[in-house]
Amino acid sequence: MMDTIRDMIAAQRAELAEVLTGLPEPSWDEPTLCAGWRVREVVAHITMPFRFTGRRFALELAKSRGRFNEMADRVARRDAAAMSPADLAGALRSNTGHPWKPPGGGYTGALAHDLIHGLDVTVPLGLGQPVPEERLRLVLPDSLTDRSVKFFGTDLDGIEFRASDMDWTLGSGTPLEGTAADLLLVLCGRTLPAGRLTGEPGARFSLPGRH
């Protein structure tokens with residue numbers, strides 16, 4: 001199974017690198033689903049673990065007094081300003097097999113990190129490819145008590161998530177339907193472009209539509 005997960009991670013990175021390599025330069029300044037980050041900041045963040053040694057990571061974290069989110073934002077903005085789009089795409093392309101794992105998350109955590117942040121970029125740009133079900137099965141939570149669900153703190157009370165493209169449901173209550181990938185983004189606190197979700201709760205998790 002470990003090799004399979006490593007293969008999925010490598011494929012996920014290679015696919016995103018291919019998308020980024022073909023991206024017109026102005027698109028690197030387009031907003032993503034990560035509030036306040038453009039495409040270039042998200043890619044700087046995805047590639048940070050590949051570009052930093054453990055010692056450098058520790059030094060950056062110390063500069064932010066141990067506050068990871070603050071450090072991640074500061075470093076993403078700094079590196080996004082310093083690196084060209086070609087540098088950023090290259091940092092991803094040349095590290096598809098990198099063995100990085102988030103602390104306590106293992107390779108499943110690495111797959112989730114790359115998959116979700118990849119969607120943060122491709123969904124608002126309208127470049128989203130269907131995510132293979134085998135990857136989603138590893139990343140989607142099994143219950144509302146999963147650590148990943150609690151981490152993002154999204155209010156999911158009274159909602160039943162129903163994937164439209166695979167056999168997966170979560171929670172109970174008023175149905176909210178979308179692709180499994182889009183529902184994963186909702187669980188991770190993202191607000192999606194209008195029209196991707198169906199069901200009464202969809203408006204809570206979507207940007208206003210254009211009239």
Side-chain angles (χ1 to χ4, degrees), residues 8-64 67-103 105 109-131 135 139 151-152 181-182 184-194 196 205-207 210:
M8 289 182 202
I9 293 168
Q12 185 67 38
R13 292 173 186 166
E15 289 161 18
L16 182 58
E18 188 173 343
V19 169
L20 295 172
T21 300
L23 210 55
E25 190 145 343
S27 295
W28 285 80
D29 292 318
E30 289 291 321
T32 67
L33 300 183
C34 285
W37 281 3
R38 300 166 296 171
V39 171
R40 61 178 69 239
E41 278 86 23
V42 174
V43 180
H45 176 71
I46 293 171
T47 59
M48 179 182 70
F50 317 145
R51 298 183 289 106
F52 284 21
T53 62
R55 184 170 179 274
R56 185 174 176 197
F57 181 89
L59 286 170
E60 295 288 0
L61 193 57
K63 281 186 196 173
S64 292
R67 293 190 286 266
F68 174 79
N69 288 342
E70 182 183 297
M71 182 275 282
D73 184 62
R74 174 176 57 79
V75 169
R77 292 176 188 279
R78 182 194 67 200
D79 292 356
M83 298 174 71
S84 69
D87 290 337
L88 289 163
L92 185 60
R93 192 186 316 106
S94 61
N95 284 288
T96 56
H98 195 286
W100 172 77
K101 295 177 284 189
L111 177 63
H113 184 263
D114 292 341
L115 193 159
I116 293 163
H117 282 313
L119 292 168
D120 284 334
V121 169
T122 58
V123 166
L125 290 176
L127 300 173
Q129 300 292 321
V131 181
R135 296 181 207 168
V139 172
F151 175 81
F152 289 102
D182 281 348
L184 174 63
L185 288 169
V186 170
L187 291 168
C188 294
R190 280 24 176 202
T191 302
L192 301 187
R196 297 182 74 94
F205 305 109
S206 302
L207 295 166
R210 291 178 181 156

Side-chain heavy atoms of H113 within contact of P102, under 4.5 Å: no
With sequence neighbours excluded, residues passing ring-ring contact (aromatic ring centres under 6.0 Å, His included) with W37: H45
Residues in side-chain contact (heavy atoms from CB on, under 4.5 Å) contact with L207, at least two apart in sequence or another chain: T191
Side-chain (R55) to main-chain (T53) donor-acceptor, under 3.5 angstrom: no
E18, CD atom: more than 12 neighbouring heavy atoms under 6.0 Å: no
Minimum heavy-atom distance between E15 and R135, given as atom pair plus value: OE2-NH2, 2.8 Å
CD (E70) with more than 12 external heavy atoms under 6.0 Å: yes
Over all atoms of both residues, closest heavy-atom pair of A80 and A44: N-CB, 4.0 Å
Inter-residue atom distance D182.CG - L187.CG, 0.5 Å rounding: 11.0 Å
By salt bridge (charged side-chain N to carboxylate O under 4.0 Å, His left out) - contacts of K101 (at least two apart): none
Any donor-acceptor N/O pair, R93 side chain to T21 backbone, under 3.5 Å: no
Closest contact, heavy atoms only, R190 versus F152: NH1-CE2, 3.7 Å
